[in-house]
Structure formats: C-alpha cells, structure tokens
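Beneath this line is the structure, given in structure tokens, with notes to follow.
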Amino acid sequence: MKQFIFLSLLILTSFSALSQKEDVPYGSNKTVGKFMKINGVKLYYEIYGKGEPILLIHGNGTGIKGWSSQISHFSRKYQVIAVDCRGRGNSELGDDSLTYLQQANDLAKLLTELKLEKVTVIGKSDGGIIGLLMAIHHPKSMKQLVAYGANAEPDGLFPKSVEEIHLERVKADQMLAKGDTTKNWKLEQQKYRMMEFQPHITAEDLQKIRVPVLVMSCDRDLIREEHTLWIYKNIPLANLSISPGEVHKMPTLNPRLFNSIVMEWISQPFKGEEVRFK
C-alpha cells in the first residue's frame with residue numbers, strides 16, 4: 001500500500017512539474033528576462049538551464065516564444081540562451097535598416113558580453129542565415145551550428161515564396177505612405193525588404209566556415225532542395241538532414257522529430273569528414 005501511495009505521488013509530481021514547464025511564458029518571462037544594450041539597441045534575452053551553452057536564433061516572423069518546445073527540451077541538459085532579434089519580441093528595432101549581418105554582429109557581441117565562447121548555435125529559417133554569417137564572420141564564438149531552413153541567396157527560395165515576400169514588402173511600403181497605424185508597418189517593411197534583397201552568401205564564404213554544421217531542411221520546405229544541397233556541399237565540415245514529409249515549420253509542428261535530430265547531432269563528435277567524396 002505504501003509503495004502504491006509513493007508511486008501515485010511520484011506520478012502526480014511528475015505531471016505537475018511537466019505542466020509547470022509547459023506553462024513557462026517563454027519570450028515574456030519576467031523572472032528571467034533581461035535586456036542588454038548591443039550596438040545601439042536594447043536586445044531582450046532569456047537564459048534557462050545549466051551546462052554547455054546553446055544559442056537559439058528564431059525565424060523572421062517570431063521571437064523567443066517560437067522556440068518554446070526547444071527551450072523546454074534542451075534546457076534539461078544545456079544552458080539555453082534565447083534572444084529576440086532586432087524589432088521582434090521585446091527587442092528594439094533601432095534606426096538602421098535590418099540586415100542579416102547586422103544581427104549576426106549583435107548576437108556575437110551579446111555572447112562576448114555574456115562571456116560565452118564556443119557556443120552551439122541553433123538557427124531556424126532567418127536564424128539559420130544569421131548562424132551561417134556568425135560562423136563566417138565570428139568563428140571564435142561558435143562551437144558548432146545547426147542551420148535549419150536557411151537560404152544563402154534570395155533565389156534560394158521557391159519562386160512563389162519570393163513573389164509573396166515581394167507583395168508583402170510593397171504592401172508595407174504603401175501602408176507607410178498612407179500613414180496607416182493599424183500595424184507596425186516600419187517593422188513589416190524592414191523584415192520583408194531584408195528577405196527580398198538579402199542575404200548574399202557566396203560559395204567562397206561558406207568554404208571559410210571551419211566549425212561543424214548540420215544543414216537541415218525537409219522535402220516540403222520553402223527552400224529549394226538543390227539550394228540546401230549547394231549550401232551543404234560548400235561547407236567543409238557539414239552533415240545533411242532532410243526530413244521526409246515535413247514543412248518549414250517543423251520545429252513547431254513536429255518538435256519531437258526536430259529536437260531528436262538536433263540533440264543526437266550536437267551531442268556527438270562530427271562524423272563523416274573522412275568519407276566525404278570531393
């Protein structure tokens with residue numbers, strides 16, 4: 001009887017702990033949320049867990065809260081640093097036009113201010129682009145990189161996506177010209193202009209990367225499969241993962257699969273260099 005009561009209490013405690021973890025207001029957690037002035041703007045960040053550091057870089061249309069399923073998973077073993085990039089979440093946009101390199105510089109400096117070196121970086125979509133630029137321009141700050149759903153040129157996306165981005169940018173231009181205040185059209189303009197005309201990462205740039213990189217995508221992504229393959233082939237220490245039947249939002253829609261692939265890769269030494277055909 002005592003064993004049954006103990007087991008029941010253990011189960012209830014486990015469910016309670018799980019519920020509490022799921023209820024954490026990632027992206028607006030006043031208990032752990034902090035601001036730091038970086039390159040002229042206030043950036044908002046949250047840190048969870050203990051262990052080797054992991055930096056999470058979100059996509060263009062989200063912020064820290066878009067990583068909820070990843071923060072709760074990876075913070076069990078690692079120290080997770082989640083940041084709102086410029087203009088997203090609680091971070092300031094600033095007066096400069098948004099660029100991917102600018103944000104890569106922001107995050108590299110944030111890591112320096114936090115006295116963190118050799119950080120594992122996990123970026124999705126635009127966050128993957130920023131991660132690639134960090135690996136190119138700030139290699140000392142990075143241990144390894146997971147770049148999911150990233151493109152190195154605007155035409156790395158399928159034409160339909162490129163056209164949709166263009167239309168959204170034109171709409172934002174028009175709304176700003178009208179003085180419309182129903183939305184933050186300045187931010188919308190900056191976001192879509194960045195996607196429409198950036199990035200411009202060359203093969204030579206990718207070949208400069210000297211940290212291990214997991215190039216991730218799926219076979220129903222917004223990024224053309226051949227472009228993802230091109231990125232992979234031009235990074236010396238790269239592995240490739242393309243998940244079947246998944247879409248661009250896989251980290252949110254199928255976090256179990258995304259997290260398991262990433263966790264397996266980041267927790268082991270790089271594999272494959274000795275058998276890669278040139």
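Every heavy atom of this structure was used, including side-chain atoms; hydrogens, water molecules and symmetry mates were not.
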Walk me through it: do I235 and V215 pass the test side-chain contact (heavy atoms from CB on, under 4.5 Å)?
CA-CA 9 Å; I235 299 175; V215 179; 4.2 Å; yes

Taking the six-membered ring of W230 (Phe, Tyr or Trp), confirm whether the NZ or CZ of K233 is under 6.0 Å from its centre and within 45° of its axis.
no

So that I can tick it off, tell me whether K191 and E188 are bridged by a salt bridge, with the cut-off set at under 4.0 angstrom between side-chain N and carboxylate O.
yes

Is it the case that one hydrophobic cluster holds both I71 and V32, taking links as side-chain heavy atoms less than 4.5 Å apart, direct or via other members?
yes

Given V80 and L56, is the side-chain contact (heavy atoms from CB on, under 4.5 Å) satisfied, shown in steps?
CA-CA 7 Å; V80 176; L56 299 180; 3.6 Å; yes

side-chain contact (heavy atoms from CB on, under 4.5 Å) between M142 and V119, worked out:
CA-CA 5 Å; M142 188 178 294; V119 176; over 6 Å; no

Could you identify which residues cluster with L222, counting Ile, Leu, Val, Met, Phe, Trp and Tyr as linked when any side-chain heavy atoms lie under 4.5 Å apart, either directly or through a chain of such contacts?
none

Are D84 and Y45 close enough that a side-chain donor and a side-chain acceptor fall under 3.5 Å?
no

Assess whether side-chain hydrogen bond (donor to acceptor under 3.5 Å, both in side chains) is satisfied between D155 and H227, documenting all intermediate values.
CA-CA 9 Å; D155 64 3; H227 185 73; 5.2 Å; no

Test item: side-chain donor near acceptor, E46 and N29, under 3.5 Å:
no

Would K42 count as a cation-pi partner of F35, with NZ or CZ less than 6.0 Å from the six-membered ring centre and within 45° of the ring normal?
yes

Report yes or no: do L107 and L116 belong to one cluster of Ile/Leu/Val/Met/Phe/Trp/Tyr joined by side chain heavy-atom distances under 4.5 Å?
yes

Determine the minimum heavy-atom distance between R169 and D173, stating which atoms define it.
NH1-OD2, 2.7 Å

Measuring only between side-chain heavy atoms, which start at C-beta, is F258 closer than 4.5 Å to E246?
no

Y192 with W185, same ILVMFWY side-chain cluster at under 4.5 Å
no

In terms of hydrophobic clusters joined by side-chain contacts under 4.5 Å, are Y44 and V24 together?
yes

Looking only at the aromatic ring of each residue, does the gap between the centers of Y26 and Y48 stay below 6.0 angstrom?
yes

If you apply the rule side-chain contact (heavy atoms from CB on, under 4.5 Å), what do you find for W67 with T62, and how did you get there?
CA-CA 9 Å; W67 282 118; T62 60; over 6 Å; no

